[in-house]
Amino acid sequence: PGLKPDTQAIGDGSVSYLYDSDAIRRAIEFDSRAKFIASVRNPLDMLHSYHARMLFTLDEDQEDFSRAWELQEERRAGRMLPKRCRLPQLLQYGDVASLGKHIERLFKVAGRERCHVVVFDDLVAEPGEVYLQLLDFISVEDDGRRKFKARRSNAGFKSRWLQQFAMNPPAWVFRLMESSSAATLKRLKKVRKRIKSFNKAHVERQPLSEDMRATLREYYSSDVEKLSRLLGRDLTHWIKT
């Protein structure tokens with residue numbers, strides 16, 4: 001369908017763009033006016049949340065984050081990978097949260113002027129102000145919104161079987177989708193969405209151990225310093241005890 005007359009901007013919420021230089025280039029080739037919005041967070045907090053997300057999507061099977069961290073080298077070599085992991089790179093936790101490195105590449109490929117970086121701390125403290133800054137960056141009028149709901153907060157699931165079906169369906173489901181009409185495909189997507197919603201449950205995440213936090217502080221020290229330089233803002237309190 002075409003764009004509505006009052007459409008001011010369109011966007012795509014793919015986190016993977018930050019990790020893929022070619023995707024960034026293709027976006028610019030598709031539309032020379034393309035802009036990029038990235039959100040950065042304390043890597044210790046980010047990894048705690050990210051690991052929980054990988055468990056939820058069944059890409060990860062190690063509930064203890066310390067063990068998942070230890071397995072990175074094995075998994076890089078193609079060993080000890082969970083049966084339902086979609087992409088081994090998803091479990092390279094060290095790289096995933098190296099935001100300084102990835103933001104540096106984003107600036108280099110896209111150009112600093114095309115990029116807007118949101119610091120998660122600011123979003124928590126002043127969501128309305130962060131929202132206005134973002135709207136200004138993409139030249140979109142303020143709609144007056146000032147309240148924002150948290151999403152995917154401590155998400156878990158009731159049934160592993162249903163979760164497998166919803167997150168990583170069997171091959172016959174993909175074959176059915178490929179041969180389906182647009183209307184049928186739309187109905188199938190609605191069914192999948194309902195299954196995911198029905199199967200969702202709140203879970204309490206176990207905090208990282210002090211030893212693990214110390215390991216992460218040391219690992220990300222130079223990367224957080226790099227991110228601080230790129231943004232012109234001291235973020236080193238993230239990695240201080």
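A donor-acceptor pair under 3.5 Å links the side-chain atoms of Gln72 to the main chain of Gly94, judged by distance alone. Judged by distance alone, the side chain of Arg114 and the main-chain N or O of Ala34 form a donor-acceptor pair under 3.5 Å. Listed for the Glu60 side chain is no donor-acceptor partner under 3.5 Å among the backbone atoms of Pro82. Counting only distance, with no hydrogens or angles, the side chain of Thr184 and the backbone of Ser180 share no donor-acceptor pair below 3.5 Å. No donor-acceptor pair closer than 3.5 Å links the side chain of His102 to the backbone N or O of Ala97. The backbone N or O of Met46 sits nowhere less than 3.5 Å from a side-chain atom of Ser49 that would complete a donor-acceptor pair.
Ionic pairing of Arg25 and Asp22 is present here: one or more N-O contacts between side-chain nitrogen and carboxylate oxygen are shorter than 4.0 angstrom. A salt bridge links Asp142 to Arg146: one of the charged nitrogens lies within less than 4.0 Å of a carboxylate oxygen. With respect to the salt-bridge test (charged N to carboxylate O, under 4.0 angstrom), the residues Glu104 and Lys101 do not qualify. Salt-bridge formation is not detected for the pair Lys4/Asp6: no Lys NZ or Arg NE/NH1/NH2 atom is positioned less than 4.0 Å from an Asp or Glu carboxylate oxygen.
Summarising the local packing, CD of Glu74 is surrounded by more than 12 heavy atoms from other residues, nucleotides or ligands at distances under 6.0 Å. Within a 6.0 Å sphere centred on CG of Leu87, heavy atoms belonging to other residues, nucleotides or ligands number more than 12. The number of heavy atoms from other shown groups lying within 6.0 Å of CD (Glu63) does not exceed 12.
With 3.5 Å as the limit, one finds no donor-acceptor pair spanning the side chains of Tyr50 and Asp45.
Checked against a 6.0 Å centroid threshold, the rings of Trp238 and Phe120 do not count as neighbours.
The distance from atom CD1 of Ile138 to atom CD of Gln133, rounded to the nearest 0.5 Å, is 12.5 Å.
Applying salt bridge (charged side-chain N to carboxylate O under 4.0 Å, His left out) to Asp61 and the options Arg84, Arg75, Lys83 leaves one that passes, Arg75.
Classified by interplanar angle (parallel below 30°, tilted 30° to 60°, perpendicular above 60°), the ring pair Phe65/His51 is perpendicular.
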